[in-house]
Amino acid sequence: MKYLCLIYEEEKRFTQVSKPELDKVMSEYGALTEDLKKNGQYVAGFQLQPTDAATTVRSRNGKVSTTDGPFAETKEQLGGAYLIEAKDLNEAVQVASRIPSARFGSIEVRPIVERNQVKSQPAEALASSTA
């Protein structure tokens, strides 16, 4: 089963840490990525640009509006994600606990709905999940 590990952390933290500390964390990310690839658990991974590069899009009554930055003001921002393969939620949580940002931020683990799962869900469930 596939799980998305959403990585949340305070963006400003990265402007406040020393270069050696930042290099250490990035090296840990590299090592984790290589380990996940070696174990067949890596599907994809990415780091996002800071929230000041974000644009929020809304469409209401046929009108599209955009806002610079994220929709919500929060203490932690979405900084990136790993898409992993795991046998169950427990294994996915174990992988998420190894993500370096789990030490100073949080990792949200969510199962991915795969195509064969979508076909088996009632239409009412799908409609309520997109509202």
Side-chain angles (χ1 to χ4, degrees):
M1 182 165 204
K2 288 183 179 61
Y3 291 86
L4 187 62
C5 299
L6 299 160
I7 303 166
Y8 292 94
E9 55 198 74
E10 290 185 62
E11 283 181 351
K12 65 182 177 182
R13 179 183 183 282
F14 286 98
T15 63
Q16 299 169 343
V17 298
S18 67
K19 182 169 177 3
E21 185 179 349
L22 182 58
D23 290 346
K24 180 180 182 285
V25 170
M26 296 313 287
S27 176
E28 291 172 1
Y29 268 103
L32 174 63
T33 299
E34 288 308 311
D35 190 52
L36 293 175
K37 287 178 178 180
K38 184 177 78 173
N39 293 334
Q41 294 175 297
Y42 182 88
V43 178
F46 53 88
Q47 179 181 2
L48 297 173
Q49 293 284 332
T51 55
D52 62 5
T55 300
T56 300
V57 179
R58 292 179 188 78
S59 179
R60 304 289 189 271
N61 300 318
K63 293 186 179 188
V64 176
S65 65
T66 61
T67 305
D68 290 340
F71 173 68
E73 292 293 325
T74 61
K75 183 176 179 183
E76 295 179 336
Q77 295 78 35
L78 179 62
Y82 277 103
L83 180 59
I84 62 167
E85 186 71 43
K87 67 181 178 186
D88 57 25
L89 179 60
N90 289 332
E91 185 175 271
V93 167
Q94 289 302 311
V95 169
S97 72
R98 295 172 48 212
I99 295 173
S101 293
R103 295 193 310 266
F104 42 82
S106 61
I107 313 300
E108 178 181 343
V109 178
R110 296 180 68 178
I112 299 295
V113 176
E114 299 191 43
R115 288 277 184 221
N116 58 354
Q117 293 175 329
V118 171
K119 291 178 184 175
S120 66
Q121 291 183 350
E124 302 84 41
L126 291 175
S128 66
S129 70
T130 60

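In what follows, residues are counted from 1 in the order of the sequence shown.
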- request: For the residue pair Tyr29 and Ser101, confirm or rule out a side-chain donor-acceptor distance under 3.5 Å.
  value: yes
Report the C-alpha distance between Arg98 and Asp35 in whole Å, list the side-chain angles of each, state the deciding distance to 0.1 Å, and finish with yes or no for side-chain contact (heavy atoms from CB on, under 4.5 Å).
CA-CA 11 Å; Arg98 295 172 48 212; Asp35 190 52; 2.4 Å; yes
(request) Could you give me the CA-CA distance, side-chain angles and deciding distance for Thr55 and Thr67, then say whether side-chain contact (heavy atoms from CB on, under 4.5 Å) is met? (result) CA-CA 6 Å; Thr55 300; Thr67 305; over 6 Å; no
Original post:
When you look at CG of Asp68, are more than 12 heavy atoms from neighbouring residues, nucleotides or ligands closer to it than 6.0 Å?
Top reply: no
A quick test of your reading: do over 12 heavy atoms of other residues, nucleotides or ligands sit less than 6.0 Å from CD of Gln16? yes
Under-4.0 Å salt bridge between Glu11 and Lys75 = no
Of all heavy-atom pairs linking Ala102 and Ser97, the shortest is CB-O, 4.1 Å
Rounded to the nearest 0.5 Å, the CD atom of Gln94 sits from the NZ atom of Lys87 at a distance of 10.0 Å
**Asked** Do Lys2 and Val43 come within less than 4.5 Å of each other through their side chains, counting heavy atoms only?
**Response** yes
Any donor-acceptor pair under 3.5 Å linking the side chain of Ser18 with the backbone of Glu21? yes
Glu10 and Lys12 have their tightest heavy-atom pair at OE1-CE, 3.0 Å
Separation between CG (Asn39) and CD (Glu85), nearest 0.5 Å, reads 12.5 Å
Closest non-hydrogen atoms of Phe104 and Glu9, given as atom of the first, atom of the second and distance, are CE1-OE2, 4.2 Å
Nearest heavy-atom approach of Cys5 to Ile84 is SG-CD1, 3.9 Å
Here the gap from Leu6 atom CG to Glu76 atom CD, rounded to the nearest 0.5 Å, amounts to 12.0 Å
Practice task
Begin from the C-alpha positions of Val95 and Gln41 and carry the test side-chain contact (heavy atoms from CB on, under 4.5 Å) through to its verdict.
Solution key: CA-CA 9 Å; Val95 169; Gln41 294 175 297; 3.6 Å; yes
- Message: Does the Lys NZ or Arg CZ of Arg110 fall within the cation-pi geometry relative to Tyr3 - under 6.0 Å from the ring centre and within 45° of the axis?
- Response: no
- Query: Can we say Glu28 and Arg103 salt-bridge, meaning some charged N sits less than 4.0 Å from an Asp/Glu carboxylate O?
  - Reply: yes
CZ of Phe14 to CG of Leu22, rounded to nearest 0.5 Å, is 6.5 Å
When every non-hydrogen atom of Pro111 is compared with those of Met1, the smallest separation belongs to CB-CE, 3.8 Å
Between the CG atom in Leu4 and the OH atom in Tyr82, the distance rounded to the nearest 0.5 Å is 12.5 Å
Inset, instruction - Please examine the side chains of Leu32 and Ile99, heavy atoms only from C-beta on, and report whether any two atoms are closer than 4.5 Å. - result: yes
CD1 of Ile7 to CG of Leu78, rounded to nearest 0.5 Å, is 8.5 Å
